[in-house]
Number of protein chains: 2
Amino acid sequence: MKTNASKRTRSPRSARERTYRLLRKKLLSGSYAPNQRLTEEAIARELGVSRTPVREALHKLDLEGLVEPAGARGFRVPEDSVAEMDELFAIRAVMEGHALACLSGLVTDEQIASLHQFIDEAEKASLAGNIKDVFEYNTRFHDLLYSLLAHERPRLYNLIEDMRDYVVRYRKNTLVNLKGVQRSILGHKKIVMALSLGDPQLCEHVMRKHVSEAREDTNPSGL
Amino acid sequence: MKTNASKRTRSPRSARERTYRLLRKKLLSGSYAPNQRLTEEAIARELGVSRTPVREALHKLDLEGLVEPAGARGFRVPEDSVAEMDELFAIRAVMEGHALACLSGLVTDEQIASLHQFIDEAEKASLAGNIKDVFEYNTRFHDLLYSLLAHERPRLYNLIEDMRDYVVRYRKNTLVNLKGVQRSILGHKKIVMALSLGDPQLCEHVMRKHVSEAREDTNPSGL
DNA sequence: CACCTGAAAATTGGATACAAAATATGAAAA
DNA sequence: TTTTCATATTTTGTATCCAATTTTCAGGTG
């Protein structure tokens, strides 16, 4: 039927969305140097589209704080700021704490079991020194936990995901040190414990602590 | 020197900003019915500008959740949702609680005195049945409190302001009932009390309570 | 040498024309 | 009558042109 091979979420039809996602990815992964100039014209030429979609993408990124307008010099990549990183982590701690409190009482026993399993796998990988797999299972842990949130509290979910994205910019090599890995796994254990107890206040507390610890184990790129 | 009469913040130079603010104001004040269609062309004609600035304004409003894209039928005014209102208020409570905790220890004695004064004025106005003035002094109270936050925690400040805006849509006649007014003033007293004690945890608690009470005193427009 | 001043260059802001996509319409067939 | 399909219409998406604005920089002036 369909002549197109597939209609994946990859490669969105609109040039605006493509441009936005590409620029965002580059900005979050640190492909652009701080204070680097970005002009509509240059990006448009590079991507083979007109200025219009590039413009709209840049405006969207401006709203997210990923670029800043610089008058007739185009847009500028904002400098890293430890103060901002701390602020973002603090907001994350508060919001994710609230999220886990909301989740307590909503998770099923099956989900608790799955979470336990991901932790076990991550711990095995950690002991084997396989950081890649630790990261993989931590991601699954997170995804499962927050898939429920996405349904129950869509606005909160979006805010949290945005915060996580913004913070990514500041973590160049998080979790590479063993101590941070172990502490993270322990944090996950506490999270599942609080969830299975169904105690909102405890949930909020352990999640805040977990995010705060993630901050401590994060090296700002600048220093 | 300047030939222009004044360069007030009113009537921003760019058509995009003008359009954005006007549409936003109308959306937040309920001038548009839920599910009403908004097309770039119609708005552009109405405001006497081209589609370009209108479209950028609509995209910005989409990001804020004030309109939603509706394929080739333009944009649509989203229906009110009590669930979403509750979610937004809950997020506000958590974030503003965190904000006040951050502020504890940063406010000066002069600022505490000013806050006290605004409360007194609001209380007088309340007893006189002058709701308009109550609203005025409550606004000043808020502005003073958060001007400090804007400097110390710019990202948190922006998030909170955004949340407040989203929520405005759902309050058609908040604070018109005397009980809500009195409870709000009492809440402000507790806030200043917690601030002057410099106790972050107490600050967080009283602010959460204050926002929760605001939720209780808010009538969703739909019901 | 520092400091204005003004013109030129670079860049975004806005308008318009056209292309692409989605939706609505209506006729034909089951 | 209902469904389906082709087509017309509506509306957004993109490209391009011109205008407004900001920056840059050279040249003059104290």
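Reckoned from all heavy atoms, side chains included, excluding hydrogens, waters and symmetry mates. The chains referred to below are lettered A, B, ... by the order of the sequence lines, with proteins before strands, and numbering in each begins at 1.
- Nucleic acid contact for Leu58(B): none, since no nucleic acid atom lies under 4.0 Å from a heavy atom of the residue.
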Derivation and outcome, side-chain contact (heavy atoms from CB on, under 4.5 Å), residues Lys26(B) and Tyr32(B): CA-CA 7 Å; Lys26(B) 283 190 165 188; Tyr32(B) 294 122; 3.3 Å; yes

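- Within the 4.5 Å cutoff, no side-chain heavy atoms of Tyr20(B) are placed close to those of Pro53(B).
- For the pair Glu41(A) CD and dT11(C) C1', the computed distance is 9 Å after rounding to whole Å.
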Arg45(A) vs Glu41(A), salt bridge (Lys or Arg N to Asp or Glu O under 4.0 Å): CA-CA, chis, key distance, verdict: CA-CA 6 Å; Arg45(A) 259 205 321 273; Glu41(A) 175 67 22; 3.4 Å; yes

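- Salt bridge Glu96(B)/Arg208(B): absent, no basic N to carboxylate O contact under 4.0 Å.
- Although no hydrogens or angles enter the test, the distance criterion places a donor-acceptor pair under 3.5 Å between the side chain of Gln111(A) and the main chain of Thr108(A).
- Between His59(B) and His59(A), the distance from one ring center to the other does not fall under 6.0 angstrom.
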Under 3.5 Å between N/O atoms: give me all the protein pairs with nucleotides 14-17 of chain D, atom names plus distance.
unit_1  : atom_1 : unit_2   : atom_2 : d
dT14(D) : OP1    : Ala15(A) : N      : 2.4
dA15(D) : OP2    : Ser50(A) : N      : 2.6
dA15(D) : OP2    : Ser50(A) : OG     : 2.6
dA15(D) : O5'    : Ser50(A) : OG     : 3.3
dA15(D) : N7     : Thr52(A) : OG1    : 2.7
dT16(D) : O4     : Thr52(A) : OG1    : 3.4

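- Summary for the helix from dC1(C)-dG30(D) to dA30(C)-dT1(D): the axes at its two ends, each from 5 pairs, differ by 20° when rounded to the nearest 10 degrees.
- Glu56(B) and Lys60(A) are not joined by a salt bridge, as no carboxylate oxygen comes within less than 4.0 angstrom of a charged side-chain nitrogen.
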Each nucleotide N or O in nucleotides 22-24 of chain D that has a protein N or O under 3.5 Å away: list the pair and distance.
none

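- In this structure, Thr218(A) contributes its side chain and Ala214(A) its backbone to a donor-acceptor pair below 3.5 Å.
- Between Asp62(B) atom CG and dT12(D) atom P there is a gap of 12 Å when expressed in whole angstrom units.
- Going from atom CD of Glu40(A) over to atom C1' of dC18(D) covers 15 Å, rounded to whole Å.
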Worked verdict on Arg140(A) versus Glu121(A) for side-chain contact (heavy atoms from CB on, under 4.5 Å): CA-CA 11 Å; Arg140(A) 288 206 205 173; Glu121(A) 296 289 349; over 6 Å; no

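- Between Glu68(A) and Arg76(A), at least one side-chain nitrogen of the basic residue sits less than 4.0 Å from a carboxylate oxygen of the acidic one, meeting the salt-bridge criterion.
- Put simply, His59(A) has a side-chain N or O that comes within less than 4.0 Å of OP1 or OP2 on dG13(C).
- Using a distance-only test at 3.5 Å, with no hydrogens or angles considered, no donor-acceptor pair links the side chain of Glu40(A) to the main chain of Thr52(A).
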